[in-house]
Protein chains: 2
Amino acid sequence: MAGRNGDERRGQLTLRDVSEASGVSEMTVSRVLRNQGDVSAKTREKVLEAARMLGYVPNKIAGALASNRVNLVAVIIPSMSNMVFPEVLAGINEQLEGTDLQPVVGATYYDPEKEEKVLYEMLSWRPSGVVIAGLEHSEASRAMLANAGCPVVEVMDVDGEPVDVAVGISHWRAGYEMGQEILSRGYRRIGFMTTTSEGDHRARKRMEGLERALGEAGVTLADQIFYSGNSGFAKGREMTNEMLTRTKDLDFLYYSNDLTGAGGLLYCLEQGLDVGGDLGMAGFNGFTLLEGLPRVLATTESCRRETGIEAARIIAGQHVFEPGADRRIELKPTIRAGDTMRPKL
Amino acid sequence: MAGRNGDERRGQLTLRDVSEASGVSEMTVSRVLRNQGDVSAKTREKVLEAARMLGYVPNKIAGALASNRVNLVAVIIPSMSNMVFPEVLAGINEQLEGTDLQPVVGATYYDPEKEEKVLYEMLSWRPSGVVIAGLEHSEASRAMLANAGCPVVEVMDVDGEPVDVAVGISHWRAGYEMGQEILSRGYRRIGFMTTTSEGDHRARKRMEGLERALGEAGVTLADQIFYSGNSGFAKGREMTNEMLTRTKDLDFLYYSNDLTGAGGLLYCLEQGLDVGGDLGMAGFNGFTLLEGLPRVLATTESCRRETGIEAARIIAGQHVFEPGADRRIELKPTIRAGDTMRPKL
DNA sequence: CTGAAAGCGCTAACAG
DNA sequence: CTGTTAGCGCTTTCAG
């Protein structure tokens with residue numbers, strides 16, 4: 001191979017080109033372009049001018065290799081299609097705004113093996129941080145995370161042991177508290193509709209919390225449906241119809257998701273049921289996009305954006321943990337009773 | 001500085017470590033790990049074993065620099081909060097699945113300056129492709145795109161000149177066709193509600209197409225509202241109320257977005273209006289999540305996922321353009337009349 | 001304040 | 001089938 005940077009080796013502009021065009025050493029050009037170290041105003045001007053003229057764009061690959069610093073943050077989520085995940089991503093993005101960090105997104109499609117692959121792929125870029133959904137991962141994935149050599153934030157769940165840091169709400173607690181809320185309003189015959197397709201530990205934890213709260217009052221779930229596939233209004237309608245048909249005396253319908261809940265709500269209103277009175281209903285997530293339904297569906301705000309923001313703060317080093325402190329940041333979801341529960345007793 | 005790779009220079013496992021542990025040359029180790037070239041089964045096994053034992057993760061930064069190949073695809077969209085963009089991203093992600101390409105996402109928040117910054121940032125990683133929303137960019141951005149040295153796909157719009165390739169629907173045509181559809185069903189007093197916050201050229205183009213269709217029949221818009229901020233049910237309700245109050249004889253309401261349309265739909269139903277009869281309504285996008293509303297809102301399916309898929313195919317080199325062929329891939333949106341338009345005359 | 005030298009960890013190219 | 005050599009474009013380090 002010919003000498004270093006032969007001539008226009010790859011059609012790519014290099015520091016050397018700027019150096020030659022400006023008559024300043026590569027090193028000083030580099031300093032100017034990174035705003036690093038002291039450079040005389042005159043030299044700086046010359047360099048900037050040359051860079052602009054040439055249309056030079058630095059090569060981060062080379063920079064990253066040389067400096068061992070990469071401004072990428074790996075974000076690994078189950079899916080882009082389920083609204084909740086883009087919302088977390090939006091929070092991350094928002095908080096990273098001030099920094100020079102960029103998110104790189106990978107989807108696992110709820111498949112642990114796929115998660116392993118994506119994680120491996122991402123880690124091979126030596127990112128400055130990893131944000132990954134959930135606390136449940138394969139052995140191999142946990143090992144990779146543990147050896148990532150960068151902050152690792154497991155998000156959207158705090159019911160378990162994080163590899164490094166966890167940020168999110170306690171889904172168990174969310175279920176538990178909604179259970180208490182339901183009971184406090186005098187409902188006793190409760191039907192629950194939840195997704196399984198999420199592969200989702202979080203929905204399961206909510207259910208466990210719910211059952212615990214009910215159990216403490218001697219109540220058991222009167223009926224339940226597990227569904228897979230997309231959560232939408234139609235699914236909520238269909239399930240609600242099925243459940244109300246087969247179990248006659250239900251007085252509360254709890255959905256694992258606001259969208260199915262909203263579908264159920266519309267259905268019940270059409271049926272002329274006394275929603276918010278004899279029949280209580282609640283969903284989960286707090287999707288603001290639903291505001292404007294005929295009734296405001298009771299729900300638990302699951303702090304998605306906030307979770308993303310907090311995760312990003314940690315990656316960006318804007319959150320310092322005291323040594324020995326709990327490395328789980330539990331966000332507190334709020335229950336909004338909306339119009340679909342009767343007043344507390 | 002000490003000799004090359006002194007000892008555990010950065011606490012990072014290198015090819016050399018695997019080489020030493022397996023007694024095979026670095027080069028061959030590299031071949032095995034990349035599944036490239038012929039390596040004897042025995043050697044391969046030794047290497048794989050050593051790599052696994054050590055927990056070696058290749059450094060893509062170094063690989064990319066050496067090979068001048070980067071498996072990253074830059075995806076630049078206005079926002080993560082507006083459902084349409086994550087949906088395009090989902091399509092990209094899906095199609096990239098089979099390849100070794102990974103999307104890197106950046107948000108511009110509808111700000112051309114921000115777009116420039118994000119683009120610069122992304123390009124400095126020398127990605128294998130760029131997918132960017134829209135055809136309208138600053139001079140500087142267009143220059144960067146033109147010199148990106150990789151496929152550049154401008155998505156979600158084909159009404160204009162792409163730098164390289166464009167994929168998406170024609171919004172002008174979408175508006176035009178909906179206009180014709182509306183007229184064909186005998187509606188004449190049309191109110192239009194559209195967002196401005198998108199900074200959005202696309203909504204504007206739809207409106208222009210709509211006005212053209214109406215104009216050809218000698219009809220002009222009876223009323224219109226431009227709003228900014230989030231599109232949700234609540235906004236749709238509010239605007240609909242306002243418009244129906246101030247303009248009495250409207251017979252059709254056209255929304256720039258399904259969500260506001262759905263809000264309007266719920267409102268009109270509550271008001272006891274003859275939706276789908278004397279009063280027609282339509283939205284835009286074809287959000288499947290809305291299926292299950294009391295009525296199916298008429299809409300134009302805007303092919304978001306398909307756009308992402310097609311863009312990814314181009315980046316991945318799975319779509320070959322004939323030389324001289326039009327480098328705009330116009331996807332054909334379909335109008336779904338739903339339940340909110342009366343039959344054609 | 002500026003520059004020269006020496007790699008970062010990997011792969012292309014060529015030679016066995 | 002395997003190994004050697006020479007960098008990729010940048011930044012670190014150390015000397016002026």
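Throughout, protein chains are lettered first and strands after them, A, B, ... in sequence-line order, and every chain is numbered starting at 1. What you see is a predicted model, and the numbers here were worked out from it, not measured in a lab.
The shortest distance between the side-chain N/O atoms of B:Y56 and the OP1/OP2 oxygens of C:dG9 is not below 4.0 Å. Put simply, A:R44 has no side-chain N or O that comes within less than 4.0 Å of OP1 or OP2 on C:dT2. One finds a side-chain N or O of B:T43 lying less than 4.0 angstrom from the OP1 or OP2 phosphate oxygen of D:dT2. Within the 4.0 Å cut-off from OP1 or OP2 of C:dG3, at least one side-chain nitrogen or oxygen of A:T28 is found. Between A:S67 and D:dT11 there is no side-chain polar atom (N or O) within less than 4.0 angstrom of OP1 or OP2. The phosphate of C:dC8 (OP1 or OP2) has no side-chain N or O of B:R16 nearer than 4.0 angstrom. Residue A:S30 has a polar side-chain atom (N or O) positioned under 4.0 Å from OP1 or OP2 of D:dT11.
Atom-to-atom, CG of B:L33 to C1' of D:dT2 comes out at 16 Å; the value is rounded to the nearest Å. Following rounding to the nearest Å, A:K42 (NZ) and C:dC1 (C1') show an atom-to-atom distance of 13 Å. Atom pair B:N71:CG and C:dT11:P shows a separation of 12 Å (rounding to whole Å applied). Between B:N68 atom CG and D:dC8 atom P the separation is 11 Å, expressed in whole Å. Straight-line distance from the CG atom of A:L15 to the P atom of C:dA5: 17 Å, rounded to whole Å. In this structure, B:Q36 atom CD and D:dC1 atom C1' are separated by 14 Å, rounded to whole Å. Remark: P of C:dG9 and CZ of A:R69 are 14 Å apart, rounded to the nearest angstrom. Rounded to an integer number of Å, the gap from A:I61 CD1 to D:dG7 C1' is 16 Å.
No side-chain heavy atom of A:M80 sits under 4.5 Å from any side-chain heavy atom of B:E87. Inter-residue side-chain proximity for A:S124 and B:N59 is flagged as unmet; no heavy-atom pair is nearer than 4.5 Å.
Counting only heavy atoms from C-beta on, B:A66 has its side chain closest to C:dG9 among C:dG3, D:dG3, C:dG9. Listed nucleotides C:dG9, D:dC1, C:dA4 differ in distance to B:N59; the shortest reach to its side chain belongs to C:dG9.
Of the possible polar contacts, none joining the B:H319 side chain to the B:A316 backbone as a donor-acceptor pair under 3.5 Å is found.
Residue order along DNA chain D, read from the 5' end via each residue's closest nucleotide, puts B:G23 first among B:A62 and B:G23.
A salt bridge between A:R313 and A:E310 is present, with a side-chain N of the basic residue lying under 4.0 Å from a carboxylate O of the acidic one. At a threshold of 4.0 Å, the pair B:E49-B:R52 counts as salt-bridged, since one of the basic side-chain nitrogens sits closer than that to a carboxylate oxygen.
Nucleic acid contact class of B:R31 (heavy atoms, under 4.0 Å, all strands): base.
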